[in-house]
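Worksheet for the structure shown next.
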Amino acid sequence: MIFKFRTFFVIVFAFFLLSCTDGWSQERIEAGFFLGGSYYNGDLNPGKQFYSIQPSFGGVFRVVSNSRIAFKGTFTIVNIQGDYPGEDIQYPSVSGNSSPQYSFERTMADMAAQIEINFFEYDHPFRRDETRFSPYITAGIASTFYRRYYSDAGGSSENPHFILSLPFGIGIKWKLSDWVHLGLEWNFRKTFVDDLDKMGRGAIDPSDPYGFDQPSSLHNNDWYSFAGVLVTFDLFHRKVSCNAGY
């Protein structure tokens, strides 16, 4: 766990160091906050988006390399929840039982380093009035902190745990004023664990809902997602020399 945690932050440090080199010199540094909602996809919710949405919030730090590319670091508090049985979901262990047999609610900390690629030029230093809007895509690497549930013959416990995940998302951004930026973003997290929805004993084991005792490590991994509003403020502008107006 400690090794993964340290490795993640080494990668994050290298990621932002790259953004500040001569090849990726920054035009602008921004900082701000995120407010939105988060939800979970897994055995208790195989496909519905915005299922049982819960509040999420966090901070954003963005290093803008040019009008097309930016590097972003985020820290987000994410809440997810779910219960079983649910609509169109039936497992053999509780088939025919219409009353709730299992539920969970979890708070996690999400830390990510991502690159943003704008579809249009955004906030170009010499054409700011013409470049106030752009959709974008984002991807990178993330780590999630949560309390993992363990149980054995001696009892049960919850221990702090870090996992790596793959973040990607889409968004749109507007420049509201000379130093304020507003964005709408929808982010997804592909994890490599199947126990985000496991918080105790119940009618089913979410990591092995069919009772095979051999849960898949490839297809049953949990996801979580969050969407909301990003507001960032310019902290620093690099002086850019004019080159024939471009």
Side-chain angles (χ1 to χ4, degrees), residues 1 33-60 74-112 142-151 155-171 184-212 215-230:
M1 181 184 72
F33 61 89
F34 166 86
L35 292 174
S38 50
Y39 62 97
Y40 138 93
N41 288 109
D43 293 298
L44 304 186
N45 175 41
K48 289 183 180 179
Q49 302 301 316
F50 300 101
Y51 159 84
S52 192
I53 194 164
Q54 300 294 304
S56 61
F57 59 92
V60 184
T74 60
F75 178 84
T76 311
I77 299 299
V78 178
N79 296 282
I80 58 173
Q81 73 172 25
D83 56 56
Y84 180 84
E87 185 179 352
D88 300 326
I89 305 174
Q90 287 293 328
Y91 294 124
S93 57
V94 289
S95 179
N97 192 331
S98 61
S99 61
Q101 297 294 311
Y102 182 85
S103 63
F104 79 96
E105 185 171 350
R106 184 184 293 283
T107 298
M108 306 179 294
D110 176 275
M111 296 156 286
S143 182
T144 307
F145 171 82
Y146 70 107
R147 298 186 67 85
R148 171 171 281 180
Y149 176 82
Y150 294 90
S151 63
S156 62
S157 63
E158 289 187 357
N159 299 318
H161 199 77
F162 284 90
I163 58 172
L164 292 180
S165 62
L166 295 180
F168 57 94
I170 56 175
L184 298 176
E185 188 169 290
W186 188 7
N187 252 290
F188 303 86
R189 297 292 188 268
K190 164 67 173 176
T191 75
F192 300 95
V193 298
D194 192 30
D195 62 1
L196 295 184
D197 47 12
K198 185 173 182 179
M199 297 190 67
R201 299 180 183 276
I204 63 167
D205 178 354
S207 62
D208 185 20
Y210 289 100
F212 293 149
S216 169
S217 60
L218 295 177
H219 304 293
N220 287 345
N221 294 328
D222 294 331
W223 294 63
Y224 65 92
S225 307
F226 47 93
V229 177
L230 286 170

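Just so it is clear, the values below take in all heavy atoms, side chains as well, and ignore hydrogens, waters and symmetry mates.
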Heavy atoms only: give me the nearest Ser143-Ser165 pair and the separation to one decimal.
->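 Minimum heavy-atom separation between Ser143 and Ser165: N-OG, 4.4 Å.
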Write down the atom of Ala112, the atom of Ala142, and the distance for their closest heavy-atom approach.
->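 Distance-wise, the nearest heavy atoms are CB-CB, 3.7 Å.
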Return the set of residues passing side chain to side chain contact (heavy atoms under 4.5 Å, CB included) with Gln49 (not counting sequence neighbours), or none when no residue passes.
->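 With neighbours one apart ignored, the set is Tyr39, Asn41, Trp186, Phe188.
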Taking only residues two or more places apart in sequence, or in another chain, which ones meet Ile53 in a side chain to side chain contact (heavy atoms under 4.5 Å, CB included)?
->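 So Ile53 forms a side chain to side chain contact (heavy atoms under 4.5 Å, CB included) with Phe50.
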Please identify each residue that fulfils side chain to side chain donor-acceptor pair (under 3.5 Å) with Ser52, with sequence neighbours left out.
->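 Expected list: Gln81.
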By side chain to side chain donor-acceptor pair (under 3.5 Å) - contacts of Thr191 (at least two apart) |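 Once residues adjacent in sequence are excluded, Thr191 has no partner under the side chain to side chain donor-acceptor pair (under 3.5 Å) criterion.
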Side-chain contact, heavy-atom cut-off 4.5 Å: [X] with [Y]?
X      : Y      : value
Asp195 : Tyr146 : yes
Arg189 : Thr144 : no
Glu105 : Asn79  : no
Val193 : Arg148 : yes
Leu230 : Leu184 : no

Should the ring pair Tyr40 and Phe104 be called parallel, tilted or perpendicular, given that the plane angle runs from 0 to 90° and is split at 30 and 60?
->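 Answer is perpendicular, since the angle exceeds 60°.
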Atom pair [atom1]/[atom2] of [X] and [Y] - distance to nearest 0.5 Å:
X      : Y      : atom1 : atom2 : result
Leu196 : Arg106 : CG    : CZ    : 6.0 Å
Asp194 : Asp222 : CG    : CG    : 5.0 Å
Asn45  : Tyr51  : CG    : OH    : 5.5 Å

Set of ring pair (Phe, Tyr, Trp, His ring centres under 6.0 Å) partners for Phe226, sequence neighbours left out |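 With neighbours one apart ignored, the set is Phe34.
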